[in-house]
2 protein chains.
Amino acid sequence: MRGYGQYCPIALAAEIFAERWTPIIIRNLYLGCGHFNEILDGAPGLPRSVLSQRLRSLHHAGVIERHQAGRSTAYALSPSGAELAQVCLELGAWGARWRSVRPEDQDPYLALWMLSRMIVPGSLPRPRIVVLFHITGRPAPNRFWLVLSTTGNEVCAQAPGFTEDGQVTTDTAGLIRWYAGETGLAAAQRAGGMSVTAPAWLVRQLAGWGRLNPYAVDSAVGEP
Amino acid sequence: MRGYGQYCPIALAAEIFAERWTPIIIRNLYLGCGHFNEILDGAPGLPRSVLSQRLRSLHHAGVIERHQAGRSTAYALSPSGAELAQVCLELGAWGARWRSVRPEDQDPYLALWMLSRMIVPGSLPRPRIVVLFHITGRPAPNRFWLVLSTTGNEVCAQAPGFTEDGQVTTDTAGLIRWYAGETGLAAAQRAGGMSVTAPAWLVRQLAGWGRLNPYAVDSAVGEP
DNA sequence: CGGTATCCCCCGCGATACTG
DNA sequence: CAGTATCGCGGGGGATACCG
């Protein structure tokens, strides 16, 4: 956190926020990641040492709170951090409006991870739901299990041991278009890029998840 | 502009915005700096090479427009850049709310520079106004001339050759408190930290300038 | 699992000089 | 004045290994 030597609210805030990985970390905290490894899961490529350093300086700046719970530590946005997260979301709104996705950024794991963080555990009709996603057109890992349960959600690259409630087969682009709210589930299936094998109750859930993204475009609204 | 390898609007935007100096550059463009050296003036410590690189990548990202005017180049925020500047301002609002100023960031030159950029050239009762600021309690440079004219505003550390219309004597903290809108001009004089020697019309102008800062707190409102 | 410690490399950044 | 070129250093950041 090198400073700019400027008295200027923008400069003072940028010292904290405009540093590599920091917006991602804030986003993950906003998504409810309360533990070191949870934050890491949603930031592939972020080294543990860097996360450690960032958490330290964010804590020092009063943006996050540390809560020692037994042997482990829980992190949470402070009131100031919650406001910073709002700025972060608005930055994201700008990104959704003006930036286009590069092929190399289309990571199915991350799309599912983000999805898993947006589904509130316990808001589901069953105590545990497992959906297997087959991602076509790419080398392994290309199977991911979305495991939703009352105790917390996960994305696994290995079979979690529970039987799947349903399966989705799609390419990465289709997955992201659905998650981004660009196409509804039904439209994605009609277009032929996506196939869903699941009981009706789960299909209904899946359709709803396509609109959780806060940046979801309107076009998919009204879909079944 | 290293990427994060994530499809996520926040990550995509952060690649552009959350890099050292970029928020400062966006701010200066927002303040109307249209030329390379103007941007540099408002960013002490920013190396020319870094500015050059940033302008290139911001242009590549569609955030700024370059206009070749004869032998020189003019920069301006694009529509996308104007929206990004709004996010930048909101980041600044967060900074104004949650960060406190460190002594080492209190740079009188920069406070006056920011002030000079917020006063619209041509909005003044005279074609040229020169105010000499004496900054107490610090080694030279401690005299700055604020030169406001219809063709553009400047801050000089050397006498510009024009006679001053008025003088202000204050320490850096007092200057910044006034500029930040924490204390009105009259209150600053009463408190004894600031002394103003100027005709009535200029005192009136000076009082108004203390409220130009978009982050000015309310306490000074209602001052003469 | 939840971090810290260590190491090393590379490149971002800052300084300076140079050109049209 | 508006940049580009070059260069060297520091440290941020990425990988890995290591404790509690």
Side-chain angles (χ1 to χ4, degrees), chain A residues 1-6 11 14-25 28-29 32-61 64-76 151-152 154-156 158 160, chain B residues 1-6 11 14-25 28-29 32-60 64-76 151-152 154-156 158:
Chain A
M1 201 219 66
R2 221 171 341 160
Y4 292 105
Q6 293 195 6
E15 290 176 8
I16 303 288
F17 182 75
E19 214 172 4
R20 184 160 173 79
W21 289 114
T22 298
I24 306 295
I25 294 167
N28 288 6
L29 287 163
C33 297
H35 294 271
F36 197 87
N37 287 333
E38 275 183 309
I39 299 172
L40 232 37
D41 286 339
L46 169 59
R48 310 171 74 74
S49 53
V50 173
L51 177 57
S52 180
Q53 187 276 332
R54 291 291 187 278
L55 289 173
R56 221 180 341 255
S57 60
L58 288 173
H59 181 243
H60 184 254
I64 63 178
E65 294 162 353
R66 309 176 72 119
H67 298 282
Q68 209 72 24
R71 70 210 305 121
S72 98
T73 315
Y75 298 96
T151 60
E154 287 186 274
V155 180
C156 311
Q158 271 82 34
Chain B
M1 200 219 66
R2 220 172 340 160
Y4 292 105
Q6 293 195 6
E15 290 176 8
I16 303 288
F17 182 76
E19 213 172 4
R20 185 160 172 79
W21 289 114
T22 298
I24 306 295
I25 294 167
N28 288 6
L29 287 162
C33 298
H35 293 272
F36 196 87
N37 286 333
E38 274 183 308
I39 299 171
L40 233 37
D41 286 340
L46 168 59
R48 310 173 74 75
S49 53
V50 173
L51 176 57
S52 182
Q53 187 276 333
R54 291 290 187 278
L55 288 173
R56 225 187 331 259
S57 60
L58 287 173
H59 180 242
H60 184 256
I64 63 177
E65 293 161 354
R66 308 176 71 119
H67 298 282
Q68 209 71 24
R71 71 208 306 119
S72 98
T73 314
Y75 297 95
T151 60
E154 284 185 276
V155 180
C156 311
Q158 272 82 34

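First the proteins, then the strands, lettered A, B, ... as listed; each starts at 1.
Side-chain N/O atoms of A:Trp21 include one lying less than 4.0 angstrom from OP1 or OP2 on D:dG14. For the OP1/OP2 pair of C:dG3 and a distance below 4.0 Å, the side-chain nitrogens and oxygens of A:Thr73 include at least one atom meeting the criterion. Taking 4.0 angstrom as the limit, B:Tyr75 places a side-chain polar atom (N or O) nearer than this to OP1 or OP2 of D:dG3. Residue B:His35 has no polar side-chain atom (N or O) positioned under 4.0 Å from OP1 or OP2 of D:dC1. At the phosphate of D:dA2, neither OP1 nor OP2 sits under 4.0 Å from any side-chain N or O atom of B:Arg56. The side chain of B:Arg54 contributes no N or O atom lying less than 4.0 Å from OP1 or OP2 of C:dG12. OP1 or OP2 of C:dG14 lies within a sub-4.0 Å distance of a side-chain N or O belonging to A:Arg2.
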* To do: Apply the test side chain to side chain contact (heavy atoms under 4.5 Å, CB included) to residues A:Arg66 and A:Tyr75: give CA-CA distance (whole Å), side-chain angles for both, the deciding distance (0.1 Å), then the verdict.
  => CA-CA 5 Å; A:Arg66 309 176 72 119; A:Tyr75 298 96; 3.1 Å; yes
* Asked: Can A:Phe36 and A:Thr73 be said to form a side chain to side chain contact (heavy atoms under 4.5 Å, CB included), step by step?
  -> CA-CA 8 Å; A:Phe36 197 87; A:Thr73 315; over 6 Å; no
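Among D:dA2, C:dG3, D:dG14, the nucleotide with an atom closest to any side-chain atom of A:Arg48 is C:dG3. For A:Pro47, whose side chain is taken as the heavy atoms from C-beta onward, the closest listed nucleotide among C:dG3, D:dG14, C:dC13 is D:dG14. Distance from the side chain of A:Ser72 is smallest for C:dG2 among the nucleotides C:dT4, C:dG14, C:dG2.
Atom-to-atom, CD1 of A:Ile25 to P of D:dG12 comes out at 15 Å; the value is rounded to the nearest Å. A straight line from CG of B:Leu55 to P of D:dA2 spans 12 Å, rounded to a whole angstrom. Between the CD atom of B:Glu38 and the P atom of D:dC1 there is a distance of 11 Å, rounded to whole Å.
At the heavy-atom level, A:Arg71 lies nowhere under 4.0 Å from the strands shown.
The end-to-end axis angle of the helix from C:dG2-D:dC19 to C:dG20-D:dC1, rounded to 10 degrees and based on five pairs per end, is 40°.
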